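Keep in mind that what you see is a predicted model, and the values were worked out from it rather than measured.
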Amino acid sequence: QVQLVESGGGSVQAGGSLRLSCAASAYTVNSHYMAWFRQAPGKEREGVATIYSDSPFYADSVKGRFTIALDNAKKTLYLQMNNLKPEDTAMYYCAAGFPTGPVLSKDGYEYWGQGTQVTVSS
């Protein structure tokens with residue numbers, strides 16, 4: 001059974017940094033797209049970043065500020081978030097799967113974590 005467990009969320013001021021972690025099973029990290037999504041209240045869940053075969057891909061809104069990384073030995077996915085903005089406030093979810101459309105679309109990501117809250121104050 002695939003399990004994804006996020007951690008590392010919290011509250012920071014604008015301009016601050018956080019690092020999210022997602023612990024996953026070995027089979028998952030080695031054979032799936034691994035991604036971070038976020039969902040703000042009243043908004044659709046949106047893709048933030050994904051990585052597959054050491055190739056990352058980012059949403060335009062986070063390029064240059066967020067970095068996705070995968071540690072195969074630790075079976076852990078990371079999201080380093082720098083220069084955080086109030087509009088980054090959301091529940092952040094780790095996901096694994098094979099996207100059936102654009103790589104940051106929810107479609108095809110079949111495994112999801114429970115989420116970790118990120119709140120950025122101005």
Side-chain angles (χ1 to χ4, degrees):
Q1 183 177 357
V2 175
Q3 286 190 322
L4 303 174
V5 181
E6 304 100 330
S7 61
S11 297
V12 296
Q13 291 190 325
S17 298
L18 283 173
R19 187 177 78 159
L20 306 183
S21 300
C22 172
S25 63
Y27 174 75
T28 306
V29 301
N30 292 334
S31 61
H32 292 70
Y33 280 77
M34 299 294 298
W36 289 98
F37 287 77
R38 67 186 180 187
Q39 188 168 17
K43 294 189 176 181
E44 292 287 322
R45 190 170 297 190
E46 64 173 356
V48 174
T50 190
I51 187 166
Y52 182 73
S53 191
D54 294 327
S55 295
F57 188 85
Y58 298 94
D60 288 344
S61 59
V62 305
K63 278 181 183 176
R65 301 188 299 122
F66 290 12
T67 302
I68 189 170
L70 184 60
D71 186 326
N72 284 292
K74 294 183 178 180
K75 299 175 288 184
T76 301
L77 179 73
Y78 299 99
L79 185 68
Q80 177 66 44
M81 305 185 294
N82 297 328
N83 191 22
L84 283 160
K85 304 176 180 181
E87 51 264 42
D88 294 318
T89 295
M91 185 72 78
Y92 282 71
Y93 298 90
C94 175
F98 293 98
T100 55
V103 293
L104 289 180
S105 167
K106 299 189 303 294
D107 298 335
Y109 286 94
E110 59 181 309
Y111 305 110
W112 294 85
Q114 81 289 349
T116 186
Q117 178 68 37
V118 172
T119 302
V120 185
S121 58
S122 58

Heavy-atom pair of closest approach, residues Asp88 and Val120: CB-CG2, 4.3 Å
Pair Thr89, Val118 - check side-chain contact (heavy atoms from CB on, under 4.5 Å), show working. CA-CA 5 Å; Thr89 295; Val118 172; 5.9 Å; no
Asp54 atom CG, over 12 foreign heavy atoms within 6.0 Å: no
For this output row, return yes or no: ring centroids of Tyr111 and His32 closer than 6.0 angstrom. yes
Which pair of heavy atoms, one from Ser17 and one from Asn82, lies closest together, and at what distance?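 Smallest interatomic distance, heavy atoms only, reads OG-OD1, 2.9 Å.
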Measuring from Ile51:CD1 to Met34:CE, what's the distance to the nearest 0.5 Å?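 Nearest 0.5 Å value for the CD1-CE distance: 10.0 Å.
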From Gln117 CD over to Tyr92 OH, what is the distance, rounded to the nearest 0.5 angstrom?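 Between atom CD of Gln117 and atom OH of Tyr92 there are 9.0 Å.
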Side-chain donor-acceptor distances from residues 97-109 under 3.5 Å, at least two apart:
{"from": "Ser105", "atom 1": "OG", "to": "Asp107", "atom 2": "N", "distance (Å)": "3.3"}
{"from": "Tyr109", "atom 1": "OH", "to": "Thr50", "atom 2": "OG1", "distance (Å)": "3.0"}
{"from": "Tyr109", "atom 1": "OH", "to": "Val103", "atom 2": "O", "distance (Å)": "2.7"}

Which value, rounded to the nearest 0.5 Å, describes the distance between Tyr93 atom OH and Phe37 atom CZ? 12.0 Å
Hydrophobic cluster membership, with links at side-chain heavy-atom distances under 4.5 Å among I/L/V/M/F/W/Y: are Val48 and Tyr33 in one? no
Salt-bridge criterion met for Lys63 and Asp60 (N-O under 4.0 Å): yes
Taking all non-hydrogen atoms of both residues, which atom of Tyr58 and which atom of Phe66 are closest, and how far apart? CE2-O, 3.3 Å
N/O donor-acceptor pairs under 3.5 Å from side chains in residues 3-14, not counting sequence neighbours:
{"from": "Glu6", "atom 1": "OE1", "to": "Gln114", "atom 2": "N", "distance (Å)": "2.9"}
{"from": "Glu6", "atom 1": "OE1", "to": "Gln114", "atom 2": "NE2", "distance (Å)": "3.4"}
{"from": "Glu6", "atom 1": "OE1", "to": "Gly115", "atom 2": "N", "distance (Å)": "2.9"}
{"from": "Glu6", "atom 1": "OE2", "to": "Cys94", "atom 2": "N", "distance (Å)": "2.7"}
{"from": "Glu6", "atom 1": "OE2", "to": "Gly115", "atom 2": "N", "distance (Å)": "3.2"}

Would you compute the distance between atom CZ of Arg38 and atom CG of Leu79 and round it to the nearest 0.5 angstrom? 9.5 Å
Yes or no on side-chain contact (heavy atoms from CB on, under 4.5 Å) for Lys85 and Arg65, after CA distance, side-chain angles and deciding distance? CA-CA 10 Å; Lys85 304 176 180 181; Arg65 301 188 299 122; 3.8 Å; yes
In Å and rounded to the nearest 0.5 Å, what is the CG to CD1 distance from Leu77 to Ile68? 4.5 Å
Side-chain hydrophobic cluster, 4.5 Å single linkage: members besides Tyr78: none
Nearest non-hydrogen partners of Ala40 and Ala90, listed with the distance: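 Minimum heavy-atom contact is N-CB, 3.8 Å.
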